[in-house]
Amino acid sequence: MSSPLKLFLVALEESGDMLGGALMVALRALNGEISFAGVGGRAMQSDGLESPFDTADLAIIGAASIARKLPLIFRRIRETADAVLAAKPDALIIIDSPDFTHRVARRVRKAAPSIPIMNYAPPTVWAWRPWRARAMRAYVDEVLTILPFETGAFARLGGPHCTYVGHPLAEQIDRLRPSGGEAERRISDPPVLLVLPGSRASEVRRLTAIFGETIAQVASRTGALEVVLPTLAHLADLVRAGTAQWPVRPRIVLDAAGKHAAFRSARAALAASGTVTLELALAGVPTVAAYRVPVWEGLVFRMMAHIDTVILANLVLGEKIVPEFLQSECTADRLAPALLPLLSDTPERQRQLTGFTRLDQIMELGGEAPSTRAARAVLALIERKPGLPSPLASC
């Protein structure tokens with residue numbers, strides 16, 4: 001009888017935690033003889049992981065927060081690496097949050113080079129700091145990418161071997177796309193306009209007033225609008241305060257079901273740049289994207305960036321389908337004229353809708369779930385390593 005597999009997972013941010021939780025479920029479905037240790041949040045803990053510390057303690061937004069928390073961050077990195085070494089897992093899986101997880105991986109590789117290391121949701125080497133790809137070869141054995149163009153980027157930059165497993169949004173397609181009645185609502189009046197000012201407090205503070213003025217300008221020309229603003233529970237008070245003076249008051253939605261229902265009935269969207277722009281594209285909702293950061297952060301990114309768009313849907317499609325307004329261009333006077341045509345049957349609206357139809361093929365939607373594909377890749381890597389138990393072995 002072979003001993004059960006033991007995997008150590010490390011994920012800090014909520015997005016990584018969700019990936020980790022889904023991966024744990026998929027791994028158990030493929031191989032019931034498996035145990036988990038590691039660092040994670042609510043999703044992973046709900047699937048049985050006992051995290052040695054609260055990952056919320058390491059939530060970081062902005063350079064000032066990083067400076068204040070550096071001692072704690074480095075202590076947690078050491079503690080996590082020591083926990084991996086003590087656990088002696090069959091593999092270490094680091095998920096997202098590269099500034100933390102990759103430091104853990106380097107320590108583990110130096111101390112125990114026989115432990116296979118996988119990176120699920122790798123750093124955006126295709127956007128900036130491309131030298132990281134080649135550097136990863138020293139401590140990462142396999143990369144599991146969630147965006148289809150990432151495998152080519154890592155190969156071009158001399159990085160580790162990559163397997164494209166798919167984006168987690170692929171597992172939500174049925175919740176995002178409308179039924180017959182909901183599709184009818186999309187073309188009925190008053191139009192539903194989705195407003196998404198971001199998932200972080202700093203984003204909401206910077207964008208709420210601009211978005212409110214944009215909606216006012218659009219409403220003055222279109223007439224009645226049904227404005228829906230999905231947000232997170234911990235941002236609800238901030239959003240309510242920020243939208244209190246909007247001339248068109250939004251309906252604020254806090255639950256996932258309400259958010260998905262709004263996506264299925266929306267005619268257009270005004271959104272902060274981020275994963276939500278890809279979510280909207282998959283839902284078939286024409287979008288105007290915007291973003292602002294402090295001036296110095298924008299200058300640094302502009303100097304170091306290797307991409308000409310920050311919108312995920314544009315990057316996946318390989319062309320600028322979704323208009324984006326960043327930094328000084330992020331004003332109501334620029335956003336409103338771009339948003340207005342998306343609310344009626346115009347060439348601007350049709351161009352986005354036509355482009356979005358290509359996403360299913362590019363992202364390989366409709367096949368095996370990304371979490372299952374990722375689980376198979378994890379088990380395959382362990383099986384390839386000499387001296388480790390076969391992931392498919394049974395009693």
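The analysis underlying the following values was restricted to heavy atoms, covering all of them including side chains, and did not include hydrogens, waters or symmetry mates.
Among residues two or more places apart in sequence or in another chain, the ring pair (Phe, Tyr, Trp, His ring centres under 6.0 Å) test is passed with F53 by none. Listed by chain and number, the residues in a side-chain contact (heavy atoms from CB on, under 4.5 Å) with A261 are R264 (sequence neighbours excluded).
The minimum heavy-atom distance linking R200 with L235 is given by the pair N-CD1, 4.1 Å. Listed here is the closest heavy atom pair of L19 and P168: CD2-CG, 3.7 Å. The two atoms that bring L12 and S97 nearest to each other are CB-OG, 3.6 Å, heavy atoms only. Between A236 and T231, the shortest heavy-atom distance links the atoms CA-CG2, 4.5 Å. The nearest pair of heavy atoms linking A375 to L30 is CB-CD1, 3.7 Å. Nearest heavy atom pair, residue A336 against residue Q217, reads CB-OE1, 3.5 Å.
For the pair K259 and F263, the cation-pi criterion (under 6.0 Å, within 45° of the ring axis) is fulfilled. Under the 6.0 Å distance and 45° angle rule, R106 counts as a cation-pi partner of Y139.
Salt bridge status for R28 with E33: absent, with no side-chain N to carboxylate O gap under 4.0 Å. Looking at D360 and R177, a side-chain N of the basic residue comes within less than 4.0 Å of a carboxylate O on the acidic one, giving a salt bridge. Taking a cutoff of 4.0 Å between a charged side-chain nitrogen and a carboxylate oxygen, E182 and R186 do not qualify as a salt bridge. Look at E319 and R351 and you find a salt bridge, because one of the NZ, NE, NH1 or NH2 atoms lies within 4.0 Å of a carboxylate O, short of that distance.
Although no hydrogens or angles enter the test, the distance criterion places no donor-acceptor pair under 3.5 Å between the side chain of E213 and the main chain of I210. Judged purely by atom type and a 3.5 angstrom limit, R103 uses its side chain to pair as donor or acceptor with the backbone of D99. Checked by atom type and distance alone, the side chain of R349 pairs as donor or acceptor with a backbone atom of R267 at under 3.5 Å. Side-chain atoms of D141 never come within 3.5 Å of backbone atoms of M118 as a donor-acceptor pair (strictly under, hydrogens ignored). Judged purely by atom type and a 3.5 angstrom limit, K6 has no side-chain atom pairing as donor or acceptor with the backbone of F36. A donor-acceptor pair under 3.5 Å is absent between the side-chain atoms of S344 and the main chain of T346, judged by distance alone. A donor-acceptor contact shorter than 3.5 Å links the side chain of R132 to the backbone of R129. A donor-acceptor pair under 3.5 Å is formed between the side chain of R292 and the backbone N or O of C330.
Side-chain polar atoms of Q45 and D17 form no donor-acceptor pair below 3.5 angstrom. With hydrogens and angles left out, the side-chain atoms of N119 and H102 include a donor and acceptor closer than 3.5 Å. Using modelled atom types, one finds no donor on one side chain facing an acceptor on the other under 3.5 Å when comparing T101 with D96. Using modelled atom types and a 3.5 Å distance limit, the side chains of Y291 and E324 yield no donor-acceptor pair.
Rounding to the nearest 0.5 Å gives a distance of 11.5 Å between CG of L238 and CG of L232. The structure places CZ of R384 at 5.0 Å from CG of L381, a figure rounded to the nearest 0.5 Å.
You'll find the side chain of T208 stays beyond 4.5 Å of the side chain of V239, heavy atoms only. Taking the side chain as every heavy atom from C-beta outward, V10 and L92 approach each other to under 4.5 Å. Looking at heavy atoms from C-beta onward, L169 lies in side-chain contact with T275 at the 4.5 angstrom threshold. Counting heavy atoms from C-beta outward, T243 and F211 have side chains that stay 4.5 Å or more apart. Residues V140 and V143 have side chains in contact (heavy-atom distance under 4.5 Å, counting atoms from C-beta outward). At least one side-chain heavy atom of V25 sits less than 4.5 Å from a side-chain heavy atom of D47. The shortest distance between side-chain heavy atoms of I215 and L193 falls below 4.5 Å. Looking only at side-chain heavy atoms (C-beta outward), I94 and F100 stay at 4.5 Å or farther from each other.
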Criterion side chain to side chain donor-acceptor pair (under 3.5 Å) on T354 and Q350, from CA distance to verdict: CA-CA 6 Å; T354 300; Q350 192 56 48; 3.2 Å; yes

Pair Q352-T287, side chain to side chain donor-acceptor pair (under 3.5 Å): steps then yes or no: CA-CA 8 Å; Q352 289 200 37; T287 300; 4.9 Å; no

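Follow the hydrophobic side-chain contacts under 4.5 Å out from L365 and you never reach L353; the two are in separate clusters. L176 and M18 sit in two unconnected hydrophobic clusters of ILVMFWY residues. Membership requires side-chain heavy atoms under 4.5 Å apart, directly or through other members.
Checked against T163 for a side chain to side chain donor-acceptor pair (under 3.5 Å), the options R373, R376, E142 give a single hit: E142.
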